[in-house]
Structures are given as structure tokens and as C-alpha cells.
Amino acid sequence: ASDVYKRQDLNGNEAIVGTSVGITVLTDGSHTKAATLLQQADLALYRAKNECRGTIQFYAEEMNQQLLIRKKLESDLRIALASDQLELEFQPQIDLSSGKIVGVEALLRWNHPTEGRIPPDQFIGLAEETGLIVPIGEWVIRNACAHAHDWPDLKFAVNVSPVQFRSPDLVDFVRRALADENVDPGRLEIEITEGILIQNTEETIAILTQLKDIGVRIAMDDFGTGYSSLNYLRRFDFDKIKIDQSFTAGLGHSPEADSIIQAVINLGASLGMTSNAEGVETMEQARILKDKGCKEVQGYYFGRPMASSSIQELLADQEWISVETETAVIDASANTAVSPAKTGTGSR
């Protein structure tokens with residue numbers, strides 16, 4: 001099997017593409033059926049196209065084992081959606097000027113009955129490939145809206161996949177979910193990445209505009225990690241830009257990271273957009289960000305993703321948050337916060 005193309009003239013533009021090849025070798029005489037050989041070659045081609053296009057891959061038995069694992073994971077994921085194995089956790093977002101929790105980001109978790117907690121990076125891609133991300137994404141939006149009553153003064157952010165944006169029902173579903181749960185649309189923040197805008201840019205911007213017309217806020221996640229982020233800021237009026245944690249990690253010891261973050265914060269301020277820095281893990285990072293004019297932060301320092309009830313507990317006692325004078329100590333196992341005076345330490 002092969003992924004073969006050739007030079008083509010497309011309206012005066014030359015398209016140059018490569019070739020990927022999947023090969024299987026007959027090793028047991030004539031006992032292997034032709035259909036099996038084709039399947040093996042196709043698996044090798046799939047590996048070539050996904051790992052490094054323009055290469056040749058030979059079939060190996062491990063490919064078939066990986067396929068079986070993938071098919072089982074897909075089946076389990078379908079069951080998970082129908083049997084309450086999915087749940088949401090929420091990471092607090094802190095306003096640096098007031099030191100208060102002003103919002104949360106909803107994060108999907110899968111509690112497998114036999115495998116335990118399965119990380120999102122092991123099933124989100126599969127959900128997107130199979131189309132399961134659409135019903136899963138709807139489940140996330142609806143359940144986030146339901147939990148919004150637990151903390152009525154907070155905004156809540158939900159990540160939306162590029163596949164969901166190809167669904168014609170996205171805007172209507174968001175509208176219904178908000179109405180069914182009686183939630184103010186201005187509290188919901190849809191987070192998208194640059195990858196969503198790269199695909200079908202005009203259609204995506206039209207959908208984002210419809211969402212904003214409802215009153216929903218729109219944030220660009222992982223800002224600065226793509227190559228067209230600035231162009232999209234020019235084309236659409238985002239409410240928030242989120243600084244990727246890869247930049248936050250370099251704060252204080254990487255002049256390049258400091259400069260990039262300062263530029264993003266200044267850009268956001270000039271466009272009337274809130275800047276949010278992800279991945280804050282130390283008080284020093286929070287102080288630097290506040291000095292640079294960053295409005296909002298989130299990260300393990302202020303709280304790991306936690307149950308909705310734990311967010312309620314944090315709201316009941318927010319004195320532990322103070323970027324200027326003292327540190328916040330997070331007990332990750334209990335998802336609770338205590339002041340430095342009680343612990344005598346500044347670590348999280």
C-alpha cells in the first residue's frame with residue numbers, strides 16, 4: 001500500500017507532495033490470505049503517514065497489537081461516555097490584582113473501571129479521530145454549565161476541539177445548554193487553539209462570532225506556540241489570550257521567555273484582552289507576571305485541578321492567596337489550601 005502523489009498544477013500553483021509506503025513481507029508460504037497481507041501493508045502505511053511522512057515502513061506484529069489496543073480503548077471510551085466514567089475537575093484562575101479566584105477551567109478526566117485514571121493525552125486524540133469528541137464535548141459543556149451553580153460568581157472555561165467546530169450544531173447546543181441550566185452566557189468562556197482557526201478559517205470565525213453574539217466569551221489558548229497567532233488576533237476580537245506554560249516555565253531565568261511574555265501582555269492590554277498565564281508553579285513566577293501587568297494566572301502553585309466541591313472550599317477561605325506578601329501552600333492530595341503561617345514553608 002502506498003500514499004502516492006505527483007506534482008499537480010492547481011490554478012497556477014504547483015503542489016509538491018511526498019510519498020509514504022507501507023510494506024509487508026510474506027513469511028509463511030501461501031497460507032496468508034491476500035486480505036491479511038493488504039491489512040498488514042495498510043497498517044505499515046498508517047505508521048508511515050503518522051510518524052514521518054515520506055518514509056517507508058515495514059509491517060511488524062506490534063502494529064497489529066497497537067491496533068487491537070486502540071480498538072479496545074475506543075470501545076471502552078464509548079462505554080465510558082454512557083456509564084458515568086467521565087468526570088470534570090476544575091483548576092482555579094486567580095486575578096493577580098485582587099488575589100481572588102475569578103474563574104475555573106473545566107478539565108476532562110476518565111476513571112476507567114480496571115485501568116484507573118487514563119490521562120487525557122491518551123484518549124482525546126482517539127476521540128477526535130473517531131468522532132467521539134463531539135458527544136464527549138457536548139457532555140463537557142453541559143456538565144460544566146450544571147456545575148456553574150456550585151460557584152455562581154465565577155467564570156468557567158471549556159476547551160473545544162477543532163472537530164467540534166466542524167459540527168453544525170455547536171452554537172445551538174451551547175445556547176441550549178446555557179438555557180437549560182439557566183446560566184448567564186457571559187460566564188462561559190470557550191477556549192480554542194490556533195489549530196481550530198487554521199482549518200476553515202472563515203467558517204470558524206463565523207461560528208466564533210455567533211458564540212460571541214450569544215454573550216459567550218472566547219479565549220485563544222496556547223498563544224504564541226503557532227505561527228499565525230498575531231494574524232488571528234487581528235481578525236477576531238478575542239476576550240482573553242492564554243500564555244502557554246512553556247513560556248511561563250522560563251520566567252526569571254530566560255531573557256527570551258521574559259521578553260515574549262511581556263510582549264504578549266502588552267499586546268493583550270492594547271487590544272483590550274485579558275492575559276492569562278498558565279503553568280504558574282512558584283510565587284516568584286506569579287510576582288514577575290504581576291509586575292509585567294499580567295491580569296490572571298493559573299497553575300499548580302495556586303491549585304491543581306480539583307472537584308467542584310473543593311473549589312467551593314477555596315472560595316470560602318481565600319486569605320491564603322496573596323502574591324505580594326505571602327505564599328500559598330497547596331495540599332495536592334486533599335486539594336486544600338493553607339497559609340504559610342500554619343506550615344512554615346513556602347513550597348506548594
Side-chain angles (χ1 to χ4, degrees), residues 74 77-78 80-82 84 86-91 93 103-110 120-121 123-149 154-223 225-226 228-229 231-242 273-274 276:
E74 178 185 348
L77 187 54
R78 292 182 186 277
L81 181 60
D84 297 324
L86 302 180
E87 66 178 33
L88 292 181
E89 290 186 338
F90 302 89
Q91 186 169 44
Q93 298 174 328
V104 295
E105 179 180 356
L107 299 166
L108 181 62
R109 299 291 183 258
W110 178 9
D121 60 3
F123 69 87
I124 292 297
L126 175 63
E128 290 179 327
E129 291 177 25
T130 59
L132 281 172
I133 196 65
V134 173
I136 289 175
E138 291 179 349
W139 182 92
V140 170
I141 292 172
R142 185 170 292 282
N143 279 269
C145 288
H147 278 295
H149 297 291
L154 301 185
K155 303 187 301 293
F156 59 102
V158 174
N159 293 276
V160 176
S161 160
V163 178
Q164 288 175 265
F165 265 80
R166 293 200 289 270
S167 170
D169 300 325
L170 176 61
V171 176
D172 287 339
F173 179 83
V174 170
R175 184 187 289 110
R176 290 196 307 272
L178 290 166
D180 291 346
E181 297 296 337
N182 193 28
V183 174
D184 179 359
R187 294 180 60 201
L188 173 59
E189 195 167 81
I190 296 293
E191 292 190 6
I192 68 169
T193 61
E194 184 181 302
I196 291 178
L197 287 158
I198 291 175
Q199 304 175 21
N200 303 316
T201 302
E202 298 303 327
E203 293 85 347
T204 299
I205 289 178
I207 293 172
L208 292 174
T209 300
Q210 292 177 56
L211 289 169
K212 287 208 69 168
D213 288 343
I214 296 173
V216 173
R217 295 166 53 84
I218 307 296
M220 179 181 280
D221 198 9
D222 301 335
F223 183 82
T225 57
S228 300
S229 298
N231 180 51
Y232 297 131
L233 289 189
R234 180 179 62 84
R235 300 191 61 182
F236 186 77
D237 182 23
F238 287 90
D239 297 285
K240 179 186 292 185
I241 48 178
K242 302 191 71 176
M273 301 174 185
T274 300
N276 172 299

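- For the side chain to side chain contact (heavy atoms under 4.5 Å, CB included) with Lys212, the qualifying choice from Ile207, Ile218, Ile190 is Ile218, the only one to do so.
- A 6.0 Å sphere centred on CG of Asp213 holds more than 12 heavy atoms belonging to other residues, nucleotides or ligands.
- Atom CD1 of Ile205 is separated from atom OH of Tyr232 by 8.0 Å, given to the nearest 0.5 angstrom.
- Residues Glu105 and Asn159 have side chains that bring a donor and an acceptor to within less than 3.5 angstrom of each other.
- In this structure Glu181 satisfies the salt bridge (Lys or Arg N to Asp or Glu O under 4.0 Å) test with no other residue, sequence neighbours excluded.
- A donor and an acceptor atom, one from each side chain of Glu128 and Ser161, are located under 3.5 Å apart.
- The six-membered or imidazole ring of His147 lies near that of Phe90, with a centre-to-centre distance under 6.0 Å.
- For the atom pair Met273 CE and Met220 CE, the distance stands at 8.5 Å (nearest 0.5 Å).
- The pair Arg109-Glu89 counts as a salt bridge, with a side-chain nitrogen and a carboxylate oxygen less than 4.0 angstrom apart.
- Inter-residue side-chain proximity for Glu203 and Phe165 is flagged as unmet; no heavy-atom pair is nearer than 4.5 Å.
- Between Ile124 and Leu108, the closest side-chain pair of non-hydrogen atoms falls below 4.5 Å.
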Show your reasoning for whether side-chain contact (heavy atoms from CB on, under 4.5 Å) applies to Leu170 and Gln210.
CA-CA 10 Å; Leu170 176 61; Gln210 292 177 56; over 6 Å; no
side-chain contact (heavy atoms from CB on, under 4.5 Å) between His149 and Val183: does it pass, once the steps are laid out?
CA-CA 8 Å; His149 297 291; Val183 174; 4.0 Å; yes
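- The main-chain N or O of Arg187 is never found under 3.5 Å from a side-chain atom of Arg217 such that the two would form a donor-acceptor pair.
- Using a 4.5 Å cut-off on side-chain heavy atoms (C-beta onward), Pro185 and Leu178 make contact.
- Between the CD1 atom in Ile192 and the CZ atom in Phe238 there is a gap of 4.0 Å [rounded to 0.5 Å].
- For the atom pair CG (Asp169) and CD (Gln164), the distance works out to 12.0 Å, reported to the nearest 0.5 Å.
- Looking at Ile196 and Thr193, their side chains come closer than 4.5 Å, going by heavy atoms from C-beta outward.
- The shortest heavy-atom contact between Gly103 and Leu154 is N-CD2, 4.0 Å.
- Residues Thr204 and Phe236 have side chains not in contact (no heavy-atom distance under 4.5 Å, counting atoms from C-beta outward).
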Go through Thr274 and Asp239 one step at a time and tell me if the side-chain contact (heavy atoms from CB on, under 4.5 Å) criterion holds.
CA-CA 6 Å; Thr274 300; Asp239 297 285; over 6 Å; no
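- Taking CZ of Arg78 as the reference point, atom CG of Leu132 lies at 4.0 Å (rounded to 0.5 Å).
- To the nearest 0.5 Å, the span separating CG on Leu88 from CD1 on Ile141 amounts to 11.0 Å.
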